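Source: prediction; values computed, not measured. We count residues from 1, following the sequence as given.
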Amino acid sequence: MAPDGWRTTRLGKVFKSRREKGREGLPTLSVTLNDGLILRESLERKTETTLLPEDHLLVRKLDIAYNMMRMWQGASGLAHFDALVSPAYVVLKPTKEIDSVFASYLFKSARMIHLLWAYSYGLHSDRLRLYFADFSLIPVTLPPIEEQRRIAELLATWDLAIEKMGKLIENGQQRKRALSHHLLTGARRLPGFDRPWTKKMLKSVGPFRKGKGLSRDHVGTQGVPCVLYGDLYTKYECVVRSFTSFIPAEFAAESQLIRKGDLLFTASGETAEEIGKCVAYVGDEDAYAGGDTLVQSPRSNNPEYLGYLLNHTSVVKQRMRFAQGHSIVHISAANLGSIQLTLPENDEQCAIAKVLSNADRSVQNCIQQRDRLVSQRKSLIQQLLTGKRRVKLEDTATPVAAIG
């Protein structure tokens, strides 16, 4: 049942197919799954074309273009300026009955993605195509045009907040990389520290032992904390305070015990660049490390500092020289132990670790805020585009106040 004031129609009633030829002097755009319409020259995988401008389609500002072969996956985008697009795309010209910004959100909603898939035709999923004739038959329930515009404004506000948070994250990560380079190499010293640094081999820091046991089949959400070697690549960076995987206590005896202050290394991987990645465990609980990991217990050095240092470019280059294998790359404890380090005294290590930890914490706070905004946006899209929540057209104070 349609919400009060909404009406059901078909997409062909609110969009027309624009088939205007392109013209000289306009940029060329490509449709992507995640970022909508972007400049083709910005694509990582550029595709050369011999097409002349007039062989392209013209997409005008506030038109929507979609990839016929990928529309059912969400490959559509709103044009923010006049441009050229591939003649294999469909260009949608909005009528006065639909706000194209609202529609750009609608085409990404779960319900509409399902309908776009249902009206696409092809023998296999990789051959599905959505021609305009079939697109035009898709039923859609729309609010009045003013409500469409208000919904679009609200969702755009969330998008802007997410974008700003993304820039804060990027800036924080750049700052952390700069701090790491300066502080871990001694190019910049923290106030109060001027004593010389000492050269050592990693094996002098503490003894190595191998991780063992642990089957992914036994990993769950309850039991004693554990870490698989793949988790070191996908879940953790330089320092970890708690693990997100657990195994039943009866399987723990088959694995390698790790304690606060231990360093964990990946002993195998896919590339020389990633092999030997290090994570410092600074949590309070005993945990367990599975196979294809190496564990080192530092005797006196600050483990958090070492977690940062052992992932620095100067160490990664040394690790790469010791990598063995092709499709699967390995590194041994003996080779890791041969890595040359230049270390400050322990009090300076602790001070550097604190600075880098604070930088990490700042980035993580921004990531958590962004993730909350993304979650809120997802919920809003579902509720606003179905009429489960309505906007107050007369209220323009704040996005939250405008939602009924």
Item checked: Gln382 side chain to Ser109 side chain, donor-acceptor N/O pair below 3.5 angstrom -> no

Next item on the list: Would you check if the side chain of Arg259 reaches a backbone N or O of Ala287 as a donor-acceptor pair within less than 3.5 Å?
Entry: no

Next item on the list: Please report the closest heavy-atom contact between Val219 and Cys226, naming both atoms and the distance.
Entry: CG2-SG, 4.3 Å

Item checked: From CA spacing to verdict: ring-ring contact (aromatic ring centres under 6.0 Å, His included), Tyr66, Phe135 -> CA-CA 11 Å; Tyr66 74 79; Phe135 169 89; 5.5 Å; yes

Margin query: Would you say that Val224 contacts Phe246 through its side chain, given a criterion of any heavy-atom pair below 4.5 Å between the two side chains?
Written below: no

Margin query: For Gln349 versus Leu343, what's the shortest heavy-atom pair and its separation?
Written below: NE2-CB, 4.1 Å

Next item on the list: Assess whether atom CZ of Arg175 is packed by more than 12 heavy atoms of other residues, nucleotides or ligands within 6.0 Å.
Entry: no

Margin query: Can you tell me if Gln340 has over 12 outside heavy atoms packed within less than 6.0 Å of its CD?
Written below: yes

Note to self: Given 3.5 Å as the limit, does a donor-acceptor pair link the side chain of Ser255 with the main chain of Ala289, or not?
What the structure shows: yes

Item checked: Side-chain heavy atoms of Phe251 within contact of Ser215, under 4.5 Å -> no

Checklist line | Nearest-0.5 Å distance, CG of residue Leu306 to CG of residue Leu341 | finding: 7.5 Å

Next item on the list: Kindly indicate, with the supporting measurements, whether the criterion side chain to side chain contact (heavy atoms under 4.5 Å, CB included) is fulfilled by Glu304 and Lys354.
Entry: CA-CA 9 Å; Glu304 195 166 351; Lys354 184 176 181 180; over 6 Å; no

Margin query: Test side-chain hydrogen bond (donor to acceptor under 3.5 Å, both in side chains) on Gln73 and Arg70; report intermediate values, then the result.
Written below: CA-CA 5 Å; Gln73 293 177 314; Arg70 292 288 180 262; 3.2 Å; yes

Next item on the list: For the pair Val355 and Leu179, evaluate side chain to side chain contact (heavy atoms under 4.5 Å, CB included) and give the outcome as yes or no after the intermediate values.
Entry: CA-CA 8 Å; Val355 170; Leu179 281 171; 4.1 Å; yes

Next item on the list: For Ser332 and Asn335, indicate whether the former's side chain and the latter's backbone hold a donor-acceptor pair under 3.5 Å.
Entry: yes

Next item on the list: Decide, yes or no, whether a salt bridge links Asp82 with Lys61 under the criterion of side-chain N to carboxylate O below 4.0 Å.
Entry: no

Checklist line | Pairwise distance CG(Leu58) to CG(Asp63) - rounded to 0.5 angstrom | finding: 7.5 Å

Note to self: Distance alone, cut at 3.5 Å: any donor-acceptor contact between the side chains of Ser379 and Gln383?
What the structure shows: yes

Notebook entry, point to check: Any donor and acceptor pair, going by atom type alone, linking the side chain of Gln148 with main-chain N or O of Pro143 inside 3.5 Å?
Noted result: yes

Margin query: I'd like to know whether CD of Glu270 has more than 12 heavy-atom contacts from other residues, nucleotides or ligands below 6.0 angstrom.
Written below: no

Margin query: If you compare all heavy atoms of Leu257 against all heavy atoms of Arg209, which two are closest, and at what distance to 0.1 Å?
Written below: O-NH2, 3.2 Å

Check: Would the number of heavy atoms belonging to other residues, nucleotides or ligands and lying under 6.0 Å from CZ of Arg127 be above 12?
Finding: no

Next item on the list: Working to the nearest 0.5 Å, report the span between CG of Leu232 and OH of Tyr281.
Entry: 13.0 Å

Note to self: Does any part of the side chain of His312, heavy atoms only, come nearer than 4.5 Å to the side chain of Thr185, both counted from C-beta?
What the structure shows: yes

Note to self: Tell me whether Glu237 at atom CD has more than 12 heavy atoms from other residues, nucleotides or ligands lying less than 6.0 Å away.
What the structure shows: no

Margin query: Do Tyr233 and Glu274 make a side-chain contact, defined as non-hydrogen atoms from C-beta onward lying under 4.5 Å apart?
Written below: yes

Notebook entry, point to check: Which heavy atom of Thr293 sits nearest a heavy atom of Tyr229, and at what distance?
Noted result: CG2-CB, 3.4 Å

Note to self: For a side chain to side chain contact (heavy atoms under 4.5 Å, CB included) check, start with the C-alpha distance between Tyr308 and Ser357, then their side-chain angles and the critical distance, and finish with the verdict.
What the structure shows: CA-CA 9 Å; Tyr308 291 116; Ser357 179; 3.9 Å; yes

Notebook entry, point to check: Hey, is NZ on Lys108 packed in by over 12 heavy atoms from elsewhere, all under 6.0 Å?
Noted result: yes

Checklist line | Heavy-atom donor-acceptor pair, Tyr89 side chain to Val31 backbone, under 3.5 Å | finding: yes

Next item on the list: For the residue pair Leu37 and Thr32, establish whether any side-chain heavy-atom pair is separated by less than 4.5 Å.
Entry: no

Margin query: Could you check whether Arg241 pairs with Glu285 (Lys NZ or Arg NE/NH1/NH2 to Asp/Glu carboxylate O, under 4.0 Å)?
Written below: no

Next item on the list: Give a yes or no on this: more than 12 heavy atoms of other residues, nucleotides or ligands lie within 6.0 Å of atom CD of Glu250.
Entry: yes

Next item on the list: Answer yes or no: are there more than 12 heavy-atom neighbours, outside Arg188 itself, under 6.0 Å from its atom CZ?
Entry: no

Next item on the list: Return the minimal non-hydrogen interatomic distance between Leu130 and Asp134, and the atom names on each side.
Entry: CD1-CB, 4.0 Å

Check: Has the side chain of Ser245 got a donor or acceptor atom that lies under 3.5 Å from a matching backbone atom of Val227?
Finding: no

Check: Looking at Gly276 and Phe265, what are the two nearest heavy atoms and their distance?
Finding: O-CD2, 3.5 Å

Notebook entry, point to check: Do Asn346 and Tyr305 have a side chain donor and acceptor closer than 3.5 Å?
Noted result: no

Item checked: Working for side chain to side chain contact (heavy atoms under 4.5 Å, CB included), residues Gln376 and Trp158 -> CA-CA 8 Å; Gln376 291 169 358; Trp158 254 265; 3.0 Å; yes

Checklist line | Parallel, tilted or perpendicular: ring planes of Tyr236 versus Phe243, cut at 30 and 60 degrees | finding: perpendicular

Check: Would a distance-only check, ignoring hydrogens and angles, find a side-chain to backbone donor-acceptor pair under 3.5 Å from Gln296 to Gly206?
Finding: yes

Notebook entry, point to check: Are Phe15 and Ile64 close enough that some pair of their side-chain heavy atoms sits under 4.5 Å apart?
Noted result: yes

Next item on the list: First locate atom NZ of Lys167, then atom SG of Cys366, and finally report the distance between them rounded to the nearest 0.5 Å.
Entry: 14.0 Å

Check: Can you tell me if Asp159 and Tyr105 form a side-chain donor-acceptor pair at under 3.5 Å?
Finding: yes

Check: Any side-chain heavy atom of Arg299 within less than 4.5 Å of one from Val205?
Finding: no

Checklist line | Arg189 side-chain N/O to Arg195 backbone N/O, donor-acceptor pair under 3.5 Å | finding: yes

Notebook entry, point to check: What distance separates Gln369 CD from Met165 CE, expressed to the nearest 0.5 Å?
Noted result: 4.0 Å

Notebook entry, point to check: Just by modelled atom types, is the Ala334 backbone N or O under 3.5 Å from a matching donor or acceptor in the Ser338 side chain?
Noted result: yes

Checklist line | Between OG on residue Ser100 and CZ on residue Phe107, distance to nearest 0.5 Å | finding: 10.0 Å

Next item on the list: Identify whether the distance between the nearest side-chain nitrogen and carboxylate oxygen of Glu147 and Arg150 falls below 4.0 Å.
Entry: no

Next item on the list: Report yes if the side chains of Ile339 and Arg319 come closer than 4.5 Å at any heavy-atom pair, otherwise no.
Entry: yes

Check: Has the side chain of Ser375 got a donor or acceptor atom that lies under 3.5 Å from a matching backbone atom of Asp371?
Finding: no

